[in-house]
Amino acid sequence: MSSNYRRVKGTRDLLPPETAVWSAVESTARSVFGRYAYREIRTPVIEHTELFVRSVGESTDIVGKEMYTFDDRKGRSLTLRPENTASVARAYVENGMGNWPQPVKLFYIGPQFRYERPQKGRYRQFHQVGAELLGDASPLADVELLLMLDRFLRELGFEDLVVLVNTVGDEASRDHYRQRLVDFLTPRREALSEDSRRRLETNPLRILDSKHAGDREQLAGVPELVDSLSEEARSHFDQVLAGLDAHGLAYRVDNRLVRGLDYYSHTVFEIVSQDLGAQDALVGGGRYDGLVAALGGGAVPGIGFAIGEDRLIDLLPEAFRQEAATAVPATVVTVGAVAPAEALALAEELRSSGVECLVELAARSLKSSLKRADRHGVRQVILLGDDELAGGYVTLRDLELGEQRQVARADLGQVLQKPPHDRGTRT
RNA sequence: GUGAGCGUAGUUCAAUGGUAGAGCCCCGGAUUGUGGUUCCGGUUGUUGGGGGUUCGAAUCCCCUCGCUCACCCCA
């Protein structure tokens with residue numbers, strides 16, 4: 001408000017100490033995904049617009065009205081990625097990953113962009129943590145992916161999140177069902193919302209998860225997609241559910257769950273939370289067996305998920321936040337007539353032995369230095385006065401315990417190596 | 001794109017047409033070798049911006065920008 005320069009709408013500055021939480025969440029993702037041998041991929045933030053039109057789908061809202069699209073200086077249409085699966089699939093084809101040992105397991109962490117009106121849990125620049133498994137069509141691959149996702153969320157401390165699963169079948173199943181759905185809804189056309197009437201032509205399946213009250217009424221008695229499944233699609237889904245049962249992963253089958261991106265097939269899933277307001281989807285994902293082929297690759301099956309990192313962090317259990325918060329463990333302070341340069345020299349020694357510390361660089365009264373240390377959330381204060389300098393030791397004061405002791409200067413690095421870890425966050 | 005609510009100090013908020021304030025935060029100090037409590041002192045505002053009404057506007061009106069929430073859609 002005081003500045004002429006402001007964040008662009010829908011973006012935000014992530015500041016410490018919050019960034020430490022983000023960092024910890026991302027470390028956990030790397031750790032968990034790593035145990036399943038997923039490796040990180042980093043794709044560009046900008047892509048050719050056509051990539052998203054082809055993969056996400058022309059009739060989707062994302063492509064229709066939510067993309068940051070612009071022409072570069074040569075008139076090529078470029079788009080800030082609205083999601084990351086299309087880029088991963090493109091990279092798979094472009095880099096010949098089809099020749100790598102299959103399946104290829106990739107994860108990504110990064111910003112995505114959608115031009116929407118910002119509100120709770122929805123930003124124009126938001127962040128996703130996602131994983132993609134390419135080259136494995138088996139139902140057990142779906143199961144393993146969901147187990148990995150579940151493990152990640154549990155390591156963050158989430159307990160009661162429920163996975164909603166459904167199948168949208170293979171292409172033949174969907175074609176068959178789409179026709180039945182259109183047959184059912186056409187007589188009711190006039191009672192549908194404007195959006196849904198449009199979808200009847202462009203993307204009928206999307207009408208199923210319309211939240212519009214009138215639409216929901218008209219959907220009473222609608223044919224279920226389950227009944228249109230091919231033998232193979234039915235069997236795939238049954239095996240996925242059996243696998244989840246075998247591992248005790250809680251889920252709910254939601255026959256109305258249809259995801260907003262065109263590339264999905266077979267298994268689709270979502271994790272929603274009641275504590276997020278209107279933007280309740282925390283994770284979305286599913287199988288996309290036709291995507292790589294659509295981008296000019298071979299018939300390579302795929303499955304993946306994307307976690308809304310911003311939303312995830314909104315909901316993060318307090319215990320994990322606490323653990324992630326960082327406090328500065330120590331500061332070096334001079335006493336009496338000792339020059340601050342001596343303190344800096346000592347701090348550098350400590351840093352050489354791996355200790356994290358601040359230094360008081362101004363000559364102040366001890367009283368004032370201690371007060372400042374306390375305000376910075378420092379726990380250990382290293383006092384360096386004439387006596388200490390002459391005796392080759394320091395006085396180490398623990399502000400939390402209110403105790404102090406003398407430590408030989410040579411041992412100080414060792415003593416501070418393991419900082420007390422029980423200090424709370426300062427907010 | 002549509003609707004609603006809200007814009008006063010870094011922050012949370014007061015001031016209902018008559019001199020823009022308080023708490024917190026931040027900075028300094030209370031005889032420079034001992035912090036947190038306490039006390040003293042200090043910095044910070046074109047009242048989001050522009051226009052109008054009025055002797056006089058943070059306050060009323062119009063426009064505009066921004067924020068928040070919801071619809072829609074999704075992560």
Side-chain angles (χ1 to χ4, degrees), chain A residues 1-4 6-10 12 15 56 59-67 81-85 109-130 193-196 198-199 203 206 209-213 215 257-261 269-273 276-285 304-315 331 333-338 360 362-381 383-388 395-404 426-427:
Chain A
M1 155 200 331
S2 51
S3 169
N4 292 320
R6 310 173 55 100
R7 273 175 277 132
V8 343
K9 192 190 189 81
R12 36 189 203 149
L15 312 175
V56 174
S59 69
T60 61
D61 283 4
I62 292 177
V63 171
K65 55 187 193 190
E66 294 174 3
M67 294 204 303
R81 64 184 183 201
E83 57 104 51
N84 220 324
T85 300
I109 298 173
Q112 318 291 337
F113 304 85
R114 291 184 200 172
Y115 191 91
E116 303 175 85
R117 283 283 277 271
Q119 66 189 69
K120 186 176 176 61
R122 190 170 77 188
Y123 309 99
R124 289 184 173 180
Q125 175 177 338
F126 61 104
H127 302 82
Q128 289 186 332
V129 175
S193 65
E194 194 186 321
D195 282 337
S196 288
R198 183 171 40 75
R199 291 196 200 107
N203 202 343
R206 297 287 304 143
D209 64 0
S210 167
K211 287 170 191 157
H212 189 267
D215 288 351
L257 178 64
V258 179
R259 310 222 5 100
L261 289 68
F269 53 89
E270 227 171 64
I271 295 178
V272 300
S273 163
L276 271 173
Q279 314 308 316
D280 63 354
L282 191 59
V283 182
F305 60 76
I307 302 166
E309 192 175 7
D310 308 72
R311 293 177 184 179
L312 182 82
I313 286 172
D314 260 4
L315 293 173
T331 190
V333 151
T334 54
V335 179
V338 173
E360 180 59 76
R364 301 174 182 277
S365 67
L366 179 54
K367 187 187 271 276
S368 158
S369 293
L370 287 174
K371 182 180 282 188
R372 285 164 55 80
D374 185 61
R375 287 185 181 162
H376 278 284
V378 167
R379 174 150 183 188
Q380 305 282 345
V381 180
L383 303 178
L384 196 58
D386 288 320
D387 298 346
E388 284 84 353
T395 299
L396 183 60
R397 179 172 181 81
D398 185 313
L399 291 187
E400 196 158 296
L401 301 176
E403 293 167 358
Q404 61 189 43
R426 194 185 167 88
T427 44

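What you see is a predicted model, and the numbers here were worked out from it, not measured in a lab. Chain letters run A, B, ... following the sequence lines, proteins first, then strands; residues in each count from 1.
Heavy atoms of A/Ala306 sit under 4.0 angstrom from primed sugar atoms or phosphate atoms, though from no base atom. Counting non-hydrogen atoms under 4.0 angstrom, A/Asp280 reaches a base of the nucleic acid. Within 4.0 Å (heavy atoms only), A/Lys371 reaches at least one base atom of the nucleic acid. Across all strands, A/Val283 comes closer than 4.0 Å only to sugar-phosphate atoms, never to a base (heavy-atom distances). Within the 4.0 angstrom heavy-atom criterion, no nucleotide atom of any strand lies near A/Glu309. Among the atoms of the strands shown, only primed sugar atoms or phosphate atoms (P, OP1, OP2) are found under 4.0 Å from some heavy atom of A/Leu282. In this structure, A/Gly284 reaches the sugar-phosphate backbone alone: every heavy-atom distance under 4.0 Å involves primed, P, OP1 or OP2 atoms, never a base. Base engagement by A/Thr395 is indicated by at least one non-hydrogen atom pair under 4.0 Å involving a base atom.
For the pair A/Lys9 and B/rC67, the criterion of a side-chain N or O lying under 4.0 Å from OP1 or OP2 is met. Within the structure, a side-chain polar atom (N or O) of A/Arg372 is placed less than 4.0 Å from OP1 or OP2 of B/rG28. Between A/Arg375 and the phosphate of B/rC27, there is a side-chain N or O to OP1/OP2 separation shorter than 4.0 Å. Within the structure, every side-chain polar atom (N or O) of A/Lys367 is placed at least 4.0 Å from both OP1 and OP2 of B/rU34.
Atom-to-atom, CG of A/Asp386 to P of B/rG33 comes out at 9 Å; the value is rounded to the nearest Å. At whole-Å resolution of the value, CG in A/Leu370 and P in B/rU32 are 13 Å apart. Computed from coordinates, the A/Ile62 CD1 to B/rA75 C1' distance equals 9 Å when rounded to whole Å. For the pair A/Glu66 CD and B/rA75 C1', the interatomic distance rounds to 11 Å; values are reported in whole Å. Atom pair A/Arg364:CZ and B/rU34:P shows a separation of 17 Å (rounding to whole Å applied). Counting to the nearest Å, the P atom of B/rU68 and the CG atom of A/Asp314 are 12 Å from each other. Here the P atom of nucleotide B/rA75 and the CG atom of A/Leu257 are 10 Å apart, to the nearest Å. Distance, A/Arg6 CZ to B/rG49 P: 11 Å, rounded to whole Å.
In this structure, of B/rA70, B/rG28, B/rC67, it is B/rA70 that holds the atom nearest to the side chain of A/Gln119. With distances taken from any side-chain atom of A/Arg117 to the nucleotides B/rG33, B/rC69, B/rU2, the minimum falls on B/rU2. Distances from the side chain of A/Glu116 to the nucleotides B/rC72, B/rA75, B/rC26 place B/rA75 closest. Looking at the side chain of A/Leu383, the nearest of the listed nucleotides B/rU34, B/rG66, B/rA75 is B/rU34. When distances are taken from the side chain of A/Ser368 to each of B/rG29, B/rG28, B/rU34, the shortest belongs to B/rG29. Listed nucleotides: B/rG35, B/rU32, B/rG33. Nearest to the side chain of A/Ser365: B/rU32. Of the candidates B/rG33, B/rC72, B/rC67, the closest approach to any side-chain atom of A/Lys65 belongs to B/rC72.
Comparing A/Glu403 and A/Ile271 along RNA chain B, the residue whose closest nucleotide (by nearest heavy atom) sits nearer the 5' end is A/Glu403. Comparing A/Pro118 and A/Arg311 by the nucleotide of RNA chain B whose heavy atom lies nearest to each, the residue mapping closer to the 5' end is A/Pro118.
The minimum heavy-atom distance between A/Pro82 and A/Arg114, with the atom names listed, is O-NE, 2.8 Å. Here the shortest heavy-atom pairing between A/Tyr123 and A/Arg12 reads OH-NH1, 3.5 Å. In plain terms, the two heavy atoms of A/Val333 and A/Leu366 that are nearest each other are CG1-CD1, 4.0 Å. The two atoms that bring A/Met67 and A/Ile62 nearest to each other are CG-O, 3.1 Å, heavy atoms only. Minimum interatomic distance between A/Glu388 and A/Leu383 (heavy atoms only, all atoms of both residues): CG-O, 3.6 Å. The two residues A/Thr331 and A/Ala373 have their closest heavy-atom pair at CG2-CB, 3.7 Å.
Nucleotides B/rA57 and B/rC61, compared at atom P, are 16 Å apart to the nearest Å. Here the separation of B/rG3 from B/rG23, taken at their C1' atoms, is 36 Å to the nearest Å. Here, B/rA58 and B/rU16 have their C1' atoms 11 Å apart, quoted to the whole Å. With C1' as the reference atom, B/rU34 and B/rU47 are 44 Å apart, rounded to whole Å. For the P atoms, the distance from B/rC60 to B/rU8 is 15 Å, rounded to whole Å. Here, B/rC25 and B/rU44 have their C1' atoms 12 Å apart, quoted to the whole Å. Spacing between B/rU64 and B/rA4 at atom P, rounded to whole Å, works out to 14 Å. One C1' atom belongs to B/rC62, the other to B/rU12, and the distance between them is 31 Å to the nearest Å.
Contact of A/Glu388 with B/rG33 (side chain to base): a donor-acceptor pair of N or O atoms is detected under 3.5 Å. For A/Arg397 against B/rG35, a side-chain N or O and a base N or O form a donor-acceptor pair under 3.5 Å. Donor-acceptor pairing under 3.5 Å, judged by distance alone, is absent between the side chain of A/Asp374 and the base of B/rG36.
Stem list for RNA chain B (at least 3 consecutive Watson-Crick or G-U pairs, distances under 3.5 Å): B:1-7 with B:65-71, B:10-13 with B:21-24, B:26-30 with B:38-42, B:48-52 with B:60-64.
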Take A/Leu399 and A/Arg379 through the side-chain contact (heavy atoms from CB on, under 4.5 Å) test and state the conclusion after the steps.
-> CA-CA 5 Å; A/Leu399 291 187; A/Arg379 174 150 183 188; 5.5 Å; no
Run the side-chain contact (heavy atoms from CB on, under 4.5 Å) check on A/Asp374 and A/Lys371 step by step: do they pass?
-> CA-CA 5 Å; A/Asp374 185 61; A/Lys371 182 180 282 188; 5.7 Å; no
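When atom types are taken as modelled, the side chain of A/Asp280 and the backbone of A/Val272 share no donor-acceptor pair closer than 3.5 angstrom. The backbone N or O of A/Thr334 sits nowhere less than 3.5 Å from a side-chain atom of A/Arg364 that would complete a donor-acceptor pair. A side-chain donor-acceptor contact under 3.5 Å links A/Arg122 to the backbone of A/Arg117. Counting only distance, with no hydrogens or angles, the side chain of A/Arg311 and the backbone of A/Gly121 share a donor-acceptor pair below 3.5 Å.
Judged by the 6.0 Å distance and 45° axis criteria, A/Arg124 is positioned over the aromatic ring of A/Tyr115.
Residues from residues 122-130 of chain A placing a heavy atom under 4.0 Å of any atom in RNA chain B, listed by number, are A/Arg122, A/Tyr123, A/Phe126, A/Gln128.
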